[in-house]
Number of protein chains: 2
Amino acid sequence: MAHTYEYPRPALTVDCVVFGFDGEGLQVLLIRRGVEPFLGTWALPGGFVHMEEDLEDAARRELREETSLSDVFLEQLRTFGTPGRDPRGRVVSVAFYALVRPEQHPAKGDTDASEAAWFSATALPPLAFDHREILEAALDRLRGKIRYQPVGFELLPKRFTLSQFQALYEAILGRPLDKRNFRKKLLAFDFLIPLDEFSEGSHRPARLHRFDRRKYDALVRKGFHFEI
Amino acid sequence: MAHTYEYPRPALTVDCVVFGFDGEGLQVLLIRRGVEPFLGTWALPGGFVHMEEDLEDAARRELREETSLSDVFLEQLRTFGTPGRDPRGRVVSVAFYALVRPEQHPAKGDTDASEAAWFSATALPPLAFDHREILEAALDRLRGKIRYQPVGFELLPKRFTLSQFQALYEAILGRPLDKRNFRKKLLAFDFLIPLDEFSEGSHRPARLHRFDRRKYDALVRKGFHFEI
DNA sequence: GCAAAAGTGTTGCTCCTACACCCATGG
DNA sequence: CCATGGGTGTAGGAGCAACACTTTTGC
């Protein structure tokens with residue numbers, strides 16, 4: 001009823017933790033703030049939610065505006081609303097995390113006005129607001145999720161080598177994995193399609209594979225439980 | 001900057017999916033709405049977030065006010081903000097789920113004014129707003145979580161029998177489990193303490209156990225990974 | 001003494017882990 | 001021909017699933 005609308009309302013924002021993988025380690029895309037507060041400090045891309053705009057749409061819009069990213073894997077993380085997390089007053093932020101493939105990575109100068117850059121997830125600069133806490137929560141989620149859901153593919157090129165895949169898992173889980181066992185297990189799942197294409201490089205070419213989402217979805221419907 | 005505050009703001013609420021277990025099946029605590037919209041319809045307990053109030057605090061306050069529950073396991077689920085989910089206008093709701101032990105269940109008449117009641121998770125009445133969707137999301141989360149985190153204990157009495165524990169898992173996972181294998185696995189984890197107390201009833205008494213959180217936390221720190 | 005739930009071991013099999021060498025290519 | 005990463009099989013052990021009967025109690 002009308003009076004419910006007389007409550008003072010917090011401001012509502014979205015923030016995105018954007019993960020990438022460069023073949024070596026996990027990376028995070030940050031933007032340098034162009035306004036106060038925290039002018040000049042690195043921060044997660046994000047901004048205010050419009051009225052009449054779905055939360056996920058707001059996150060995608062901010063990603064597009066601030067980092068020129070679109071069509072990425074995006075999932076809600078959780079909402080951060082501790083009073084005092086924003087010096088301007090009560091601001092509640094719905095956090096998302098995104099996974100982007102190397103071929104989607106924005107080129108330098110791709111982002112307008114504000115500066116955007118990739119940082120290693122293990123060597124982060126100081127961040128604005130409580131963005132460090134949000135980022136750590138996203139890292140925890142990713143580390144948990146990657147073990148029992150095949151989200152790793154969202155961080156690799158559409159066509160990838162098994163070694164790339166293994167390097168990704170080693171980077172995220174933070175420990176070395178046995179090459180033979182890893183490949184055996186992965187191929188046994190039977191949702192990777194070996195292609196007749198090979199990587200290029202100065203050494204022996206590696207066979208490329210792609211993820212067969214259709215087959216994976218079918219397996220899941222049959223009660224299959226992915227786990228690495 | 002001042003102008004950031006001139007954005008129109010959605011109203012912000014919290015809603016709680018409260019799970020219980022009666023020894024037979026999973027249950028959900030609902031309240032009957034006493035105001036429009038959806039007057040008289042069953043709904044999740046919840047309400048508006050106060051300025052200067054943390055989100056989790058708001059959820060606990062609403063639980064206390066509407067269901068007299070306190071000191072329960074409570075965790076954020078996710079935030080629902082699709083425009084149109086509330087006929088009164090833009091309302092964004094941060095959803096939580098709670099797990100309560102039988103001895104915490106509110107007695108009839110314990111809740112003031114509004115009516116509260118437990119429903120079987122498999123026989124729910126029509127719900128207000130998008131609360132059905134929130135509830136399904138909470139069920140999914142619980143089913144996933146219970147497999148790799150020992151949250152089941154939060155739904156059982158402090159002291160419980162292994163059969164109760166098995167019945168809980170069977171109810172949530174929706175399939176029968178082998179008694180001997182279940183007990184063997186559970187006891188091998190070594191974080192259940194067998195007590196010298198026994199259940200009462202008209203048949204052979206069962207030994208009571210309790211969960212040793214201290215031991216469990218220590219195992220987790222050593223890299224232990226719970227999974228049933 | 002009977003109905004009802006508690007409690008208990010073994011076996012076969014599957015899946016996991018550990019482990020080392022040859023292959024293909026570019027330079 | 002050398003440096004670099006790609007690719008492959010096996011054996012031992014751990015853990016999982018399948019399975020049935022005896023015990024204790026209240027009535």
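Predicted model, so just to flag it, every value in this text is computed and none were measured. Order of the sequence lines sets the chain letters (A, B, ...), proteins ahead of strands, with each chain counted from 1. Note that these values count all heavy atoms, side chains included, but never hydrogens, waters or copies made by symmetry.
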Tell me which pairs pass side-chain hydrogen bond (donor to acceptor under 3.5 Å, both in side chains) where either residue lies in [range], with sequence neighbours left out.
{"range": "residues 165-174 of chain A", "result": "A:Q166-A:E170"}
{"range": "residues 177-188 of chain B", "result": "B:D178-B:N181, B:N181-B:K184"}
{"range": "residues 198-210 of chain B", "result": "B:D196-B:R207"}

What residues from residues 220-228 of chain A pass a heavy-atom cutoff of under 4.0 Å to DNA chain D? none
Under the criterion ring-ring contact (aromatic ring centres under 6.0 Å, His included), which of B:F189, B:F211, B:Y148 is the partner of B:F226? B:F189
I need the [atom1]-[atom2] distance between [X] and [N], as an integer number of Å.
{"X": "B:F198", "N": "D:dG26", "atom1": "CZ", "atom2": "C1'", "result": "17 Å"}
{"X": "B:F189", "N": "D:dG15", "atom1": "CZ", "atom2": "C1'", "result": "11 Å"}
{"X": "B:L177", "N": "D:dC16", "atom1": "CG", "atom2": "C1'", "result": "13 Å"}
{"X": "B:R207", "N": "C:dG7", "atom1": "CZ", "atom2": "P", "result": "8 Å"}
{"X": "A:L186", "N": "C:dC15", "atom1": "CG", "atom2": "C1'", "result": "16 Å"}

Checking [X] now: which residues fulfil salt bridge (Lys or Arg N to Asp or Glu O under 4.0 Å) with it, not counting sequence neighbours?
{"X": "B:E227", "value": "none"}
{"X": "B:D140", "value": "B:R143"}
{"X": "A:E154", "value": "A:R101, A:R213"}
{"X": "B:D71", "value": "none"}

Near-strand residues of residues 147-173 of chain A, defined as heavy-atom separation under 4.0 angstrom from DNA chain C: none
Generate the contact string for nucleotides 19-27 of chain C. Rules: B means base contact, S means sugar-phosphate contact only, - means no protein heavy atom under 4.0 Å. BB--BBBS-
Salt bridge flag under 4.0 Å for residues B:E75 and B:K145: yes
On the nucleotide C:dG7, are OP1 or OP2 found under 4.0 Å from the side-chain N or O atoms that B:R183 carries? yes
Sequence neighbours excluded, the answer for ring pair (Phe, Tyr, Trp, His ring centres under 6.0 Å) partners of B:F160 is B:F153, B:F165
Which residues satisfy the side chain to side chain contact (heavy atoms under 4.5 Å, CB included) test with A:D57, sequence neighbours excluded? A:E53, A:D54
